[in-house]
Amino acid sequence: MSVTSAQQPVVSPVVRTRTKLAHPALLLIGIVLVALNMRACLAAISPMVGEIQRTFGLSATASGLITTVPVLFQGVGAPLTPRLTRRFGTERVVLGAVLVLGAGVLLRVLPSVAALYAGCVVIGVAIAVLNVSMPGLVKREFPDRAATMTGVYSTTMLIGATLAAGSSVPLEKALGGGWEGSLGIWSLLALIAAVAWLPQVLRSRQEKAAVAAAPAGRQIEGIWRSPLAWQVSLFMGISSLLVYILVAWMPTILADHGMDRGEAGLVFAFSNLVQVAGAFLVPLAAGRMTSQRGLAVAMAALNALGITVLLVAPASGAWVAAAVLGVAQGGSLGLALAFIVLRTGSAAGAAQLGGMSQAIGYLVAAAGPVGAGALRQATGGWDLLLVLMLVLASVAAVAGWGAGRNRTL
């Protein structure tokens with residue numbers, strides 16, 4: 001059942017113990033370092049897929065699963081996280097997920113195909129836990145600045161992905177020419193994040209009595225029957241689907257239309273870089289608005305505009321399309337995450353909505369790269385896919401119009 005923000009129940013704040021462990025700077029550093037891990041190990045593997053394929057003699061389909069499996073298991077693992085956070089506490093769950101993520105990165109580089117895919121599964125589940133835990137944590141710790149902090153950590157995720165994608169090949173050369181070292185080194189970033197997060201786990205133990213007296217807030221009853229929850233979930237799902245299709249195929253689309261592959265890679269990298277600006281600025285704007293309907297429709301319209309440019313002028317308009325799509329995709333990600341904290345009245349509710357929306361979002365997104373490739377193979381071109389993406393952008397606009405209403409679950 002939805003209520004207006006004026007009607008939502010007041011959640012009593014947890015009384016914080018005044019220790020050095022409670023310093024906001026430590027929490028911010030921990031959030032930033034955890035967020036850096038949430039996309040880096042996924043982006044780092046994309047430039048290495050060809051090397052991995054040759055090492056194990058994989059088919060093109062099997063190679064595609066290297067990037068698809070983690071996304072799929074982000075959707076599978078997301079609904080389990082609210083139960084974990086209720087039982088063990090958000091701080092311990094985040095620490096465990098970061099350590100598991102680091103272990104998955106190491107497992108992925110062992111000399112075995114089974115270990116390769118098992119590592120992808122572990123990474124996907126660990127990222128799912130972090131994806132769902134962070135909105136609830138932000139809602140609890142920064143109730144008056146939740147949208148702004150959402151922009152900070154969503155931007156940091158994209159920065160981590162951009163750095164990882166850009167440094168994979170240089171790291172491969174610097175570490176002796178093997179893809180294993182280039183990918184395995186990201187486990188160190190997970191370890192650094194875990195160490196930086198330890199003060200929050202220690203703090204949570206000190207505050208156990210206070211947290212028990214003032215829990216994270218009420219659960220949302222019947223969330224899977226809520227139209228608002230489905231609108232948030234569909235906006236996230238379709239936005240993620242559009243992102244993953246272009247992550248997998250944008251350079252190929254440009255190359256198939258006559259662009260040099262090197263330039264196509266630069267265009268794609270530029271689009272990823274622009275996403276950082278969208279991911280930061282859009283949640284910041286969302287937090288200053290009582291209704292985000294216009295913002296959601298604007299993101300969907302920019303997605304449609306960028307896709308249209310790819311459809312009518314894929315080579316000559318590539319840089320324009322990259323800029324527009326960068327703003328749209330980064331902004332849509334940031335706005336979808338902001339919806340999780342803006343449409344809920346408690347940290348527990350944010351975790352629930354995060355679990356639902358990201359389960360739907362990543363299960364839908366996982367089908368994007370494979371489905372797009374199959375459609376390209378069936379039609380011999382990219383036009384039908386791009387037209388279908390325009391239709392999906394219009395559906396995202398409708399979902400965003402509903403998700404942007406000034407209501408809470």
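The closest side-chain heavy-atom distance from Ser226 to Ile220 is not below 4.5 Å. Looking at Val76 and Val125, their side chains never come closer than 4.5 Å, going by heavy atoms from C-beta outward. With contacts defined as side-chain heavy-atom distances shorter than 4.5 Å, the pair Leu28/Met149 qualifies. Residues Arg92 and Leu95 have side chains not in contact (no heavy-atom distance under 4.5 Å, counting atoms from C-beta outward). A 4.5 Å side-chain heavy-atom check between Phe235 and Leu335 finds at least one atom pair inside the cut-off. When side chains are defined from C-beta on, Arg108 counts as touching Cys120, because their heavy atoms get closer than 4.5 Å. Taking 4.5 Å as the limit, some side-chain heavy atom of Trp197 sits within range of a side-chain heavy atom of Leu27. Between Val169 and Met48, the closest side-chain pair of non-hydrogen atoms falls below 4.5 Å.
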Take Thr408 and Thr344, measure what side-chain contact (heavy atoms from CB on, under 4.5 Å) needs, and give me the verdict at the end. CA-CA 5 Å; Thr408 54; Thr344 52; 6.0 Å; no

Intermediate values then yes/no, side-chain contact (heavy atoms from CB on, under 4.5 Å), Leu171 and Ser167: CA-CA 6 Å; Leu171 280 173; Ser167 61; 3.9 Å; yes

Could you check Val69 against Val121 for side-chain contact (heavy atoms from CB on, under 4.5 Å), going step by step and ending with a plain yes or no? CA-CA 6 Å; Val69 166; Val121 170; 3.7 Å; yes

Apply side-chain contact (heavy atoms from CB on, under 4.5 Å) to the pair Gln358 and Thr81, showing each step before the final yes or no. CA-CA 11 Å; Gln358 298 197 50; Thr81 306; over 6 Å; no

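Considering every non-hydrogen atom in both Val324 and Leu302, the closest pair reads CG1-O, 3.2 Å. The two residues Ala229 and Ile223 make their nearest non-hydrogen contact at CB-O, 3.5 Å. Leu311 approaches Leu386 most closely through the heavy-atom pair CA-CD1, 3.8 Å. The two atoms that bring Ala147 and Gly287 nearest to each other are CB-CA, 3.4 Å, heavy atoms only. For the residue pair Gly75 and Pro79, the shortest heavy atom distance occurs at O-CD, 3.4 Å. The shortest heavy-atom contact between Ala164 and Ser168 is O-OG, 3.0 Å.
Judged by distance alone, the side chain of Ser291 and the main-chain N or O of Gly404 form a donor-acceptor pair under 3.5 Å. A donor-acceptor distance shorter than 3.5 angstrom exists from the side chain of Asn37 to the backbone of Ala190, with no hydrogens or angles considered. Under a 3.5 Å cut-off, the side chain of Arg288 and the backbone N or O of Ala285 do not form any donor-acceptor pair. Remark: the backbone N or O of Trp401 is paired with a side-chain donor or acceptor of Arg293 at under 3.5 angstrom. Using modelled atom types, no side-chain atom of Gln275 and backbone atom of Leu158 make a donor-acceptor pair closer than 3.5 Å. Under a 3.5 Å cut-off, the side chain of Thr85 and the backbone N or O of Pro82 do form a donor-acceptor pair. A donor-acceptor contact shorter than 3.5 Å links the side chain of Ser154 to the backbone of Ala279. Side-chain N or O atoms of Thr150 include none that pairs as donor or acceptor with a backbone N or O of Ala338 at under 3.5 Å. Checking side-chain atoms of Gln74 against main-chain N and O of Gly124 turns up no donor-acceptor pair under 3.5 Å.
Of the listed residues (Leu189, Ile127, Leu183), just one forms a side chain to side chain contact (heavy atoms under 4.5 Å, CB included) with Cys41, and that residue is Ile127.
Of the inter-residue distances, the one linking Glu91 atom CD with Leu198 atom CG reads 12.0 Å to the nearest 0.5 angstrom. Here CG of Leu337 is found 4.5 Å from OH of Tyr153. Values are rounded to the nearest 0.5 Å. Between the CE atom of Met134 and the CD1 atom of Ile31 there is a distance of 5.0 Å, given to the nearest 0.5 Å. Taking CG of Leu266 as the start and CG of Leu273 as the end, the distance is 12.0 Å to the nearest 0.5 Å. To the nearest 0.5 angstrom, Ile66 atom CD1 is 5.0 Å from Leu116 atom CG. Going from atom OH of Tyr244 over to atom CD of Gln329 covers 11.0 Å, rounded to the nearest 0.5 Å.
Side-chain contact check for Arg86 and Gln352: no donor-acceptor pair (N or O, by modelled atom type) lies under 3.5 Å. Side-chain atoms of Gln231 and Arg343 form no donor-acceptor pair, as typed in the model, at a separation below 3.5 Å.
The ring-ring contact (aromatic ring centres under 6.0 Å, His included) test applied to Phe270 returns Trp319, not counting sequence neighbours. Trp382 pairs by the side chain to side chain donor-acceptor pair (under 3.5 Å) definition with Asp256, not counting sequence neighbours.
Residue Arg376 qualifies as enclosed at atom CZ: its count of foreign heavy atoms under 6.0 Å is above 12.
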